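Just so you know, these numbers come straight off a predicted model, no measurement behind them. Counting starts at 1 for both ligands and their atoms, in listed order.
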Amino acid sequence: MTAAIDIRAVEKRFGNINIIRDLNLSVAKGERHAIIGPNGAGKSTTFNLISGHLKPTSGEIRLNGEVISGLRPFEVNRRGLSRSFQVTNVFAKMTVWENVRCAVLWATGHRYAFWKNVDELPEVRRRTAEILEDIHLIHRRDVPAGLLTYAEQRELEIGITIAGGADVIMLDEPTAGMSHAETERAVALIRRLTEGRTLVIVEHDMSVVFGLADRISVLVYGHIIASGTPEQVRGDPKVKEAYLGEEAH
Ligand SMILES: Nc1ncnc2c1ncn2[C@@H]1O[C@H](COP(=O)(O)OP(=O)(O)OP(=O)(O)O)[C@@H](O)[C@H]1O
Ligand SMILES: [Mg+2]
């Protein structure tokens with residue numbers, strides 16, 4: 001079967017440093033795949049390469065069998081891939097409702113125009129309400145997003161990422177900075193919202209990784225040193241070495 005994401009021999013050079021080195025990764029359709037690795041390993045860079053925010057220096061990336069490396073972010077998005085950023089990325093002055101509506105409008109092909117009252121489009125209103133119910137933020141619909149708690153902002157961002165109905169969802173450290181209880185809530189949310197879709201998640205919290213992922217890839221210095229089921233990765237001596245090396249510092 002065609003992989004959802006297929007990365008072949010990708011390199012990314014910044015200046016004269018190869019940040020991503022011979023990266024090969026295949027994520028099956030419907031799989032939940034976690035990318036883990038030390039700070040600065042190149043996890044976010046990998047996300048940027050897949051989503052079109054960066055172009056590979058060499059190599060090829062496919063989405064559902066179609067080459068996407070070299071396309072711009074909105075073009076990759078149009079082909080069914082949606083991602084969130086490591087740093088919260090919501091419109092602070094817009095209300096929760098407007099933030100989600102914006103994503104819904106984009107997904108349904110509507111373009112914002114000041115002379116159109118977009119709230120009068122019934123399918124947009126219905127879908128926006130549905131997403132806000134789903135992410136448990138309907139009671140906060142009229143609050144400017146910048147006034148939400150940090151965890152609520154992250155949940156809103158997850159909601160916006162999935163609002164477009166993309167088949168492939170990529171989340172970069174969605175639970176970073178959350179309390180234990182908030183993390184559990186967010187994981188339940190992610191699990192529910194990505195049901196039947198492909199998920200690629202970057203995460204430092206190992207309880208989240210091992211609780212959510214079908215497969216895990218370990219990225220160290222821009223190269224995947226191990227890839228497999230949670231059990232395979234847990235038992236891999238190369239992984240232990242990389243992480244013990246980290247702990248020693
Ligand atoms: N645009 C850029 N120009 C130059 N160097 C960059 C650029 N973006 C990232 N880097 C470097 O690439 C390396 C990988 O960064 P990246 O953000 O991908 O790591 P990461 O694995 O996501 O780390 P973290 O766990 O801290 O989020 C770092 O050394 C970083 O400084
Ligand atoms: Mg990162």
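- Under the 4.0 Å criterion applied to side-chain N and carboxylate O atoms, R234 and E231 are not assigned as salt-bridge partners.
- Of the possible donor and acceptor atoms, none in the side chain of R101 sits under 3.5 Å from a partner among the backbone N and O of V124.
- Each protein N, O or S atom less than 2.8 Å from the Mg ion (ligand 2) was counted, giving 2.
- The side-chain tip of R83 points at the ring of F85 from less than 6.0 angstrom away and within 45° of straight on.
- Every residue meeting the salt bridge (Lys or Arg N to Asp or Glu O under 4.0 Å) condition with K238, not counting sequence neighbours, appears here in chain and number order: D236.
- Under the rule for a side chain to side chain donor-acceptor pair (under 3.5 Å), H136 has no partner lying at least two apart in sequence or in another chain.
- In this structure, D167 does not pair ionically with K29, as no charged nitrogen and carboxylate oxygen lie closer than 4.0 Å.
- No donor-acceptor contact under 3.5 angstrom links the side chains of S84 and T161, judged on distance only.
- Salt-bridge check for E173 with K43: failed, with every basic side-chain N at 4.0 Å or more from each acidic carboxylate O.
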Measure and list all N/O to N/O distances between ligand 1 and the protein that fall under 3.5 angstrom.
{"unit_1": "ligand 1", "atom_1": "18 (O)", "unit_2": "S44", "atom_2": "N", "d": "3.4"}
{"unit_1": "ligand 1", "atom_1": "18 (O)", "unit_2": "T45", "atom_2": "N", "d": "2.8"}
{"unit_1": "ligand 1", "atom_1": "18 (O)", "unit_2": "T45", "atom_2": "OG1", "d": "2.5"}
{"unit_1": "ligand 1", "atom_1": "19 (O)", "unit_2": "G42", "atom_2": "N", "d": "3.3"}
{"unit_1": "ligand 1", "atom_1": "21 (O)", "unit_2": "A41", "atom_2": "N", "d": "3.2"}
{"unit_1": "ligand 1", "atom_1": "21 (O)", "unit_2": "G42", "atom_2": "N", "d": "2.9"}
{"unit_1": "ligand 1", "atom_1": "21 (O)", "unit_2": "K43", "atom_2": "N", "d": "2.8"}
{"unit_1": "ligand 1", "atom_1": "21 (O)", "unit_2": "K43", "atom_2": "NZ", "d": "2.8"}
{"unit_1": "ligand 1", "atom_1": "22 (O)", "unit_2": "S44", "atom_2": "N", "d": "2.9"}
{"unit_1": "ligand 1", "atom_1": "22 (O)", "unit_2": "S44", "atom_2": "OG", "d": "2.9"}
{"unit_1": "ligand 1", "atom_1": "23 (O)", "unit_2": "G40", "atom_2": "N", "d": "2.8"}
{"unit_1": "ligand 1", "atom_1": "25 (O)", "unit_2": "N39", "atom_2": "ND2", "d": "3.2"}
{"unit_1": "ligand 1", "atom_1": "25 (O)", "unit_2": "K43", "atom_2": "NZ", "d": "2.7"}
{"unit_1": "ligand 1", "atom_1": "25 (O)", "unit_2": "H204", "atom_2": "NE2", "d": "3.1"}
{"unit_1": "ligand 1", "atom_1": "26 (O)", "unit_2": "N39", "atom_2": "ND2", "d": "3.0"}
{"unit_1": "ligand 1", "atom_1": "27 (O)", "unit_2": "Q86", "atom_2": "OE1", "d": "3.1"}
{"unit_1": "ligand 1", "atom_1": "27 (O)", "unit_2": "Q86", "atom_2": "NE2", "d": "2.9"}

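- Ion pairing between R62 and E60 holds under the 4.0 Å rule for side-chain N and carboxylate O.
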